[in-house]
Visitor: 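One structure is given below, represented as structure tokens, and several questions about it will come after.
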Amino acid sequence: LVELVESGGGSVQAGGSLRLSCAASGDTWSIVYIAWFRQSPGKEREGVSSIYRGLGRISYADSVKGRFTISFDDAKNAAYLQMNSLKPEDTAIYYCAAGLRGSLYGALDPETYDSWGQGTQVTVSS
């Protein structure tokens with residue numbers, strides 16, 4: 001069992017930056033994938049970025065490439081999402097997720113993930 005707690009959300013003007021954190025606890029040794037998803041009202045949950053921990057393989061959604069950076073600190077069992085050049089369309093609840101096994105669904109597919117945090121709100125104003 002892995003528990004995830006996000007922090008770092010808030011309100012920012014367009015062009016600004018935020019850094020989200022995700023603290024993992026429990027069976028952290030079992031984490032295969034760690035990822036960030038987001039969901040805004042009326043839209044499906046969207047994969048933003050992920051790390052395939054074993055190989056350090058990183059994936060980004062096209063909408064955030066070049067602006068967001070994901071990282072994972074093994075010593076702290078924490079994931080981070082550095083978000084720069086934020087846009088109003090980045091407004092959403094951001095969720096941290098952990099996948100505990102191999103998956104055929106893809107690194108940014110919610111089906112890959114077993115544990116989810118409670119989410120943190122990010123609001124970007126124009």
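Every heavy atom of this structure was used, including side-chain atoms; hydrogens, water molecules and symmetry mates were not.
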Visitor: By side-chain hydrogen bond (donor to acceptor under 3.5 Å, both in side chains), which residues pair with Ser17, not counting sequence neighbours?
Guide: Asn84
Visitor: Applying side-chain contact (heavy atoms from CB on, under 4.5 Å), name anything that partners Leu55, two or more places apart in sequence or on another chain.
Guide: Tyr52, Arg57
Visitor: Taking side-chain hydrogen bond (donor to acceptor under 3.5 Å, both in side chains) as the definition, give me every residue that meets it alongside Ser11, ordered by chain and number, with sequence neighbours left out.
Guide: none
Visitor: Mind checking what makes salt bridge (Lys or Arg N to Asp or Glu O under 4.0 Å) contact with Arg45, not counting sequence neighbours?
Guide: none
Visitor: Please name all residues satisfying side-chain contact (heavy atoms from CB on, under 4.5 Å) with Ile70, sequence neighbours left out, ordered by chain then number.
Guide: Trp36, Ser49, Ile51, Ile58, Tyr60, Leu81
Visitor: List for me each residue that meets salt bridge (Lys or Arg N to Asp or Glu O under 4.0 Å) alongside Lys43, sequence neighbours excluded, and say none if there are none.
Guide: none
Visitor: Restricting to side-chain contact (heavy atoms from CB on, under 4.5 Å), what partner residues turn up for Ala14, sequence neighbours left out?
Guide: Pro88, Val124
Visitor: Would you please test Cys96 and Ile34 for side-chain contact (heavy atoms from CB on, under 4.5 Å) and show each step?
Guide: CA-CA 7 Å; Cys96 181; Ile34 192 83; 4.1 Å; yes
Visitor: Using a cut-off of 6.0 Å, state whether more than 12 heavy atoms not belonging to Gln121 lie near its atom CD.
Guide: yes
Visitor: Applying side-chain contact (heavy atoms from CB on, under 4.5 Å), can you list everything that pairs with Arg19, at least two apart in sequence or on another chain?
Guide: Tyr80, Gln82
Visitor: So do Leu100 and Val32 actually touch side chain to side chain, heavy atoms under 4.5 Å?
Guide: no
Visitor: Any sub-3.5 Å donor-acceptor pair from Thr112's side-chain atoms to Gly106's backbone N or O?
Guide: yes
Visitor: Look only at the side chain of Thr28 and the backbone of Ser25, and say whether a donor-acceptor pair between them is shorter than 3.5 Å.
Guide: no
Visitor: Is the closest side-chain heavy-atom distance between Val122 and Leu20 below 4.5 Å?
Guide: yes
Visitor: Tell me the salt bridge (charged side-chain N to carboxylate O under 4.0 Å, His left out) pairs involving residues 86-103, sequence neighbours left out?
Guide: Arg38-Asp90, Arg67-Asp90, Arg101-Asp114
Visitor: For Trp29, which fellow cluster members are found when Ile, Leu, Val, Met, Phe, Trp and Tyr are connected by side-chain heavy-atom distances below 4.5 angstrom, either directly or through intermediates?
Guide: none
Visitor: Crowded around Gln118 CD? As in, over 12 foreign heavy atoms under 6.0 Å?
Guide: yes
Visitor: Would you list the pairs meeting salt bridge (charged side-chain N to carboxylate O under 4.0 Å, His left out) in which at least one residue belongs to residues 68-86, sequence neighbours left out?
Guide: Arg53-Asp74
Visitor: List the steps, then state whether side-chain contact (heavy atoms from CB on, under 4.5 Å) holds for Thr91 with Ser40.
Guide: CA-CA 7 Å; Thr91 296; Ser40 51; over 6 Å; no
Visitor: Kindly work out whether a path of hydrophobic side-chain contacts (I/L/V/M/F/W/Y, heavy atoms less than 4.5 Å apart) joins Leu18 to Leu4.
Guide: yes
Visitor: Whether the side chain of Ser115 engages the backbone of Val2 through a donor-acceptor N/O pair (distance < 3.5 Å, no angle test) should be reported.
Guide: yes
Visitor: Are Ile31 and Tyr33 grouped together when hydrophobic residues (ILVMFWY) are joined by side-chain heavy atoms under 4.5 angstrom apart?
Guide: no
Visitor: Could you give the distance from CD (Glu6) to SG (Cys22), rounded to the nearest 0.5 Å?
Guide: 5.5 Å
Visitor: Can you confirm whether Thr123 sits close enough to Val12 that some side-chain heavy atom of one is under 4.5 Å from a side-chain heavy atom of the other?
Guide: no
Visitor: Please list all pairs passing the ring-ring contact (aromatic ring centres under 6.0 Å, His included) test where one or both residues lie in residues 92-126, with sequence neighbours left out.
Guide: Phe37-Tyr113, Phe37-Trp116
